Amino acid sequence: MKPIINFAFLLFMALNIYSQQTKKTKSEDSKSIYNIQDSVFVKTRNGAILSVIVVRKKEDETAKPVLLQSTIYVRDKGRDIATLKESADNGYVGVIVYARGKRFSSDEIFPYENDGNDTYDVVDWISKQKWCNGSVGMFGGSYNGFTQWAACKKMHPALKTIVPYVANRPGLGLPMENNVFVNPNYEWAFYVGNNQYLDTIAGYDRQRFRKMQNKWWETGVAYKKLDSIDGTPNRLFQRWINHPSFDKYWQNMAPYQKEFADINIPILAIDGYYNDSQNSSLYYLRELQKYNPKANQYLIIGPYSHFGAQREGEATINGYKVDANALINTKKITYQWFDYILKNGTKPEILKDKVNYQVMGANEWRSAPSIENMSNGFITMYLTNSKSDKFFSLNTNKPVKKGFLLQEVDFADRENINNDYYPDPIVRNEIDTSNGFNFISEPLKEAMLINGSFLGEIKASINKMDMDIGVTLYEVMPNGEYFHLSYFIGRASYANDITQRKLLKPNVIETIPFSNTHLVSKKLSKGSRLLVHLNINKNPFSELNYGTEKIVSEETIKDAKEPLKIKWYNDSFVKIPILKSP
């Protein structure tokens, strides 16, 4: 049973700790221009205690708009305070709240699960403080982006705007993508969940987790046994894999379906073509557009990684040298936005329309009224079984005669891996042709602008009841290099409904639609060709789906007695969004 916490005693202890930590710098603090309340506690409606820091300018006691960061990352040795001082320097009150169980909170740590309600309570508390003028804005990236959307699950009247960068959407981009659990969040669970701060020893021990991953791959034990191999129980990992469907556990963490209709505040989102969790971040915007078409939302997106989008971009990302005008100052744009919304300032110049995107290869920015309107047409291309040199033909004409390509995948084989889909490097001299199938188009007769997220429909029959597929889209440039544009990884049994699994019927042709791919904008030059790589996902970096009726995380190499046999039919197709010139 969890012990009862005496709030007064907890407050006394925290203040005493803070007094000890700041004793050496007392003389420096007295000269500071900031009023720093380092050990504030906010009690939530259901009794949790949250640790909060507030920073204001000393000489200015007027009520101001408040900029809130809600995070699970405790970096209070200087980094967090620095961001709060920046807010104060820009004419705001800076506030940061740490998730339950973090910093001076003694509650149990459960990432994602309580942030929506807790952040709502902190916004409510802020709105009642004498230094708040009644307006609260939020900003931040990754987990901090998620908490902003989570706070919108139930709108507080004081919350006037949010600026999420590369926002996570638990259950969609992590710890699983299209219902396939991927490995990176395994070690992250220790990093944020082991103590009230950050466990950098465990979180940064890549050798430890690589060893665990490889041993799991080699031995073929169930995916849910990863922590047994590691030798340390991972309670969060076990909690997550009990929910392979996008069920109420995930749905309750952030706005879901009709809840988006109640989000009526201005929103500025910033993302990247090569942000790993891009489909999480854009999910929010697409759902908001769907349920609230008049929503006041803006997007800035370009060739940025997960971290680059939160800073100033990167001159080179995964080996690709970005266009000169692609680099932006995320922090500067953020404060311009807050001034625009909260102080009747000028709208950031980069916001020409609701969607503002950098076109790779063209060294230019463009804009559109919505994500859907980034393109004004699609090219439908069929994955045929006709040879085209060393590959197969990717053709705009649907094959007249039905045919298929046969692939066999032996999951008991641990010498070979399938589905090299990750965009690193972005530009490469060759691609893996040892397994799967590659479909290549004829050379483009003129330059073409790919704009948006490609989608498609796979027609296939298998001898089992499920499979995880990968579809990767490349530009084959005239010089023969491959430019990674976008990819999809997903579980066939969830293709029609991510909330409910529907197993495939063995040896029956199934239709497997896919659409949750990574958005991109790229100018393809004349003479370039499109290439689609189709494969089964089998590698050490995610769950292995052996194709039985069992829960996938419980399958073992013993379920790999018979190789998976797939017939990929030639009426499968991809639809590639393009922007045609007037």
Side-chain angles (χ1 to χ4, degrees), residues 172-185 213 217 223 272-282 303 305-306 317-320 360 381 383 391-392 394 405 407 409 411 416-440 450 452-458 460 466-476 481-492 494-495 512-520 522 529-545 552 564 566 568 572-576:
L172 284 180
L174 58 102
M176 61 181 180
E177 183 163 344
N178 298 313
N179 301 95
V180 178
F181 280 99
V182 292
N183 293 352
N185 271 71
Q213 176 180 273
W217 167 257
Y223 190 73
Y273 302 142
Y274 297 100
N275 163 33
D276 296 352
S277 61
Q278 187 209 87
N279 55 1
S280 284
S281 181
L282 297 190
S305 67
H306 188 72
I317 171 175
N318 295 354
Y320 166 61
M360 293 189 293
M381 309 195 81
L383 312 183
F391 300 136
F392 291 90
L394 184 65
L405 295 171
Q407 182 178 2
V409 180
F411 283 98
N416 301 293
I417 67 172
N418 289 50
N419 203 28
D420 179 19
Y421 61 89
Y422 194 74
D424 188 9
I426 292 171
V427 181
R428 56 188 73 184
N429 293 323
E430 58 184 21
I431 58 173
D432 184 11
T433 58
S434 63
N435 51 57
F437 293 104
N438 294 286
F439 306 86
I440 194 167
I450 288 185
S453 302
F454 82 102
L455 64 155
E457 197 171 86
I458 301 299
D466 204 1
M467 61 179 174
D468 294 346
I469 65 172
V471 185
T472 310
L473 179 64
Y474 293 94
E475 173 194 7
V476 184
E481 291 182 322
Y482 297 85
F483 192 106
H484 189 295
L485 295 169
S486 182
Y487 70 91
F488 170 84
I489 176 177
R491 183 154 295 160
Y494 286 101
I512 305 166
F514 66 92
S515 60
N516 194 21
T517 66
H518 292 239
L519 179 145
V520 69
K522 172 79 163 63
R529 294 184 290 176
L530 290 167
L531 184 140
V532 172
H533 178 69
L534 176 65
N535 212 338
I536 293 295
N537 195 61
K538 172 205 161 191
N539 51 62
F541 313 113
S542 64
E543 271 185 307
L544 283 182
N545 186 348
V552 174
L564 173 66
I566 318 102
W568 305 107
S572 301
F573 63 84
V574 295
K575 294 179 69 174
I576 300 171

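Since this is a predicted model, take the numbers as computed values, not measurements.
The side-chain contact (heavy atoms from CB on, under 4.5 Å) search around Thr433 returns Phe391, Ile431, Asn438, not counting sequence neighbours. With sequence neighbours excluded, the residues satisfying side-chain contact (heavy atoms from CB on, under 4.5 Å) with Met176 are Asn179, Phe181, Trp250. Looking at residues two or more places apart in sequence or on another chain, you find a side-chain contact (heavy atoms from CB on, under 4.5 Å) between Ser486 and Phe454, Thr517, His518. When the side chain to side chain donor-acceptor pair (under 3.5 Å) test is applied to Asp432, the partners found at least two apart in sequence or on another chain are Ser434. Taking the side-chain contact (heavy atoms from CB on, under 4.5 Å) definition, one finds that Gln213 meets it with Asn183, Pro540, Phe541, sequence neighbours left out. Remark: Tyr273 engages no residue in a ring-ring contact (aromatic ring centres under 6.0 Å, His included) (not counting sequence neighbours). Qualifying salt bridge (Lys or Arg N to Asp or Glu O under 4.0 Å) partners for Glu177, counting only residues two or more places apart in sequence or in other chains: none. Applying the salt bridge (Lys or Arg N to Asp or Glu O under 4.0 Å) rule to Lys522 yields the partners Glu475; only residues at least two apart in sequence or on another chain are considered. Annotation: side chain to side chain donor-acceptor pair (under 3.5 Å) contacts of Arg529 (sequence neighbours excluded): none. The side chain to side chain donor-acceptor pair (under 3.5 Å) search around Asn318 returns none, not counting sequence neighbours. Looking at residues two or more places apart in sequence or on another chain, you find no side chain to side chain donor-acceptor pair (under 3.5 Å) involving Tyr482. Partners of Tyr474 by ring-ring contact (aromatic ring centres under 6.0 Å, His included), not counting sequence neighbours, listed by chain and number: His484.
Note that the CH2 atom of Trp568 and the CZ atom of Phe439 stand 8.5 Å from one another [nearest 0.5 Å]. Here Arg428 contributes atom CZ and Phe483 contributes atom CZ; the two are 11.0 Å apart, rounded to the nearest 0.5 Å. Atom CG of residue Leu172 and atom CG of residue Leu282 lie 11.5 Å apart, to the nearest 0.5 angstrom.
Side-chain contact between Tyr421 and Ile489 is present, with at least one heavy-atom pair separated by less than 4.5 Å. Leu544 has its side chain out of reach of Tyr223: every pair of non-hydrogen atoms, C-beta onward, lies at least 4.5 Å apart. Here the side chains of Leu405 and Leu534 are not in contact, with every heavy-atom distance at 4.5 Å or above. For the pair Leu383/Phe437, no side-chain contact is recorded, criterion being any heavy-atom separation below 4.5 Å from C-beta on.
For the residue pair Val180 and Gly490, the shortest heavy atom distance occurs at CG2-C, 3.8 Å. Of all the heavy atoms in Ala495 and Ile512, the pair that sits closest is CB-CG2, 3.7 Å. Heavy atoms only, all atoms of each residue included: Phe488 and Asn516 are closest at CD1-O, 3.9 Å. Between Gly173 and Asn279 the shortest heavy-atom distance is CA-OD1, 3.7 Å. Pairing each heavy atom of Ile536 with each of Phe411, the nearest pair is CG2-CZ, 3.9 Å. Here the shortest heavy-atom pairing between Asn435 and His533 reads O-CE1, 3.5 Å.
In summary, the side chains of Gln407 and Asn535 do present a donor paired with an acceptor at a separation below 3.5 Å, with no hydrogens or angles considered.
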Next item on the list: Give the intermediate values and the outcome of side-chain contact (heavy atoms from CB on, under 4.5 Å) for residues Glu481 and Asn429.
Entry: CA-CA 5 Å; Glu481 291 182 322; Asn429 293 323; 3.5 Å; yes
Checklist line | Verdict with supporting geometry, Val471 and Val532, side-chain contact (heavy atoms from CB on, under 4.5 Å) | finding: CA-CA 7 Å; Val471 185; Val532 172; 3.8 Å; yes
Check: Step by step, would you call Asn419 with Lys538 a side-chain contact (heavy atoms from CB on, under 4.5 Å)?
Finding: CA-CA 7 Å; Asn419 203 28; Lys538 172 205 161 191; over 6 Å; no
Next item on the list: I would like to know whether Met360 and Tyr320 meet side-chain contact (heavy atoms from CB on, under 4.5 Å); could you show each step before the answer?
Entry: CA-CA 10 Å; Met360 293 189 293; Tyr320 166 61; 3.7 Å; yes
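Between Arg491 and the choices Asn537, Asn178, Asp468, the side-chain hydrogen bond (donor to acceptor under 3.5 Å, both in side chains) rule is met once, by Asp468. Just one residue in the list Ile450, Val476, Val574 forms a side chain to side chain contact (heavy atoms under 4.5 Å, CB included) with Leu530, and that residue is Ile450. For the side chain to side chain contact (heavy atoms under 4.5 Å, CB included) with Asn539, the lone residue among Asn418, Asp420, Ile417, Asn416 that qualifies is Ile417.
Of the possible donor and acceptor atoms, one in the side chain of Gln278 sits under 3.5 Å from a partner among the backbone N and O of Leu519.
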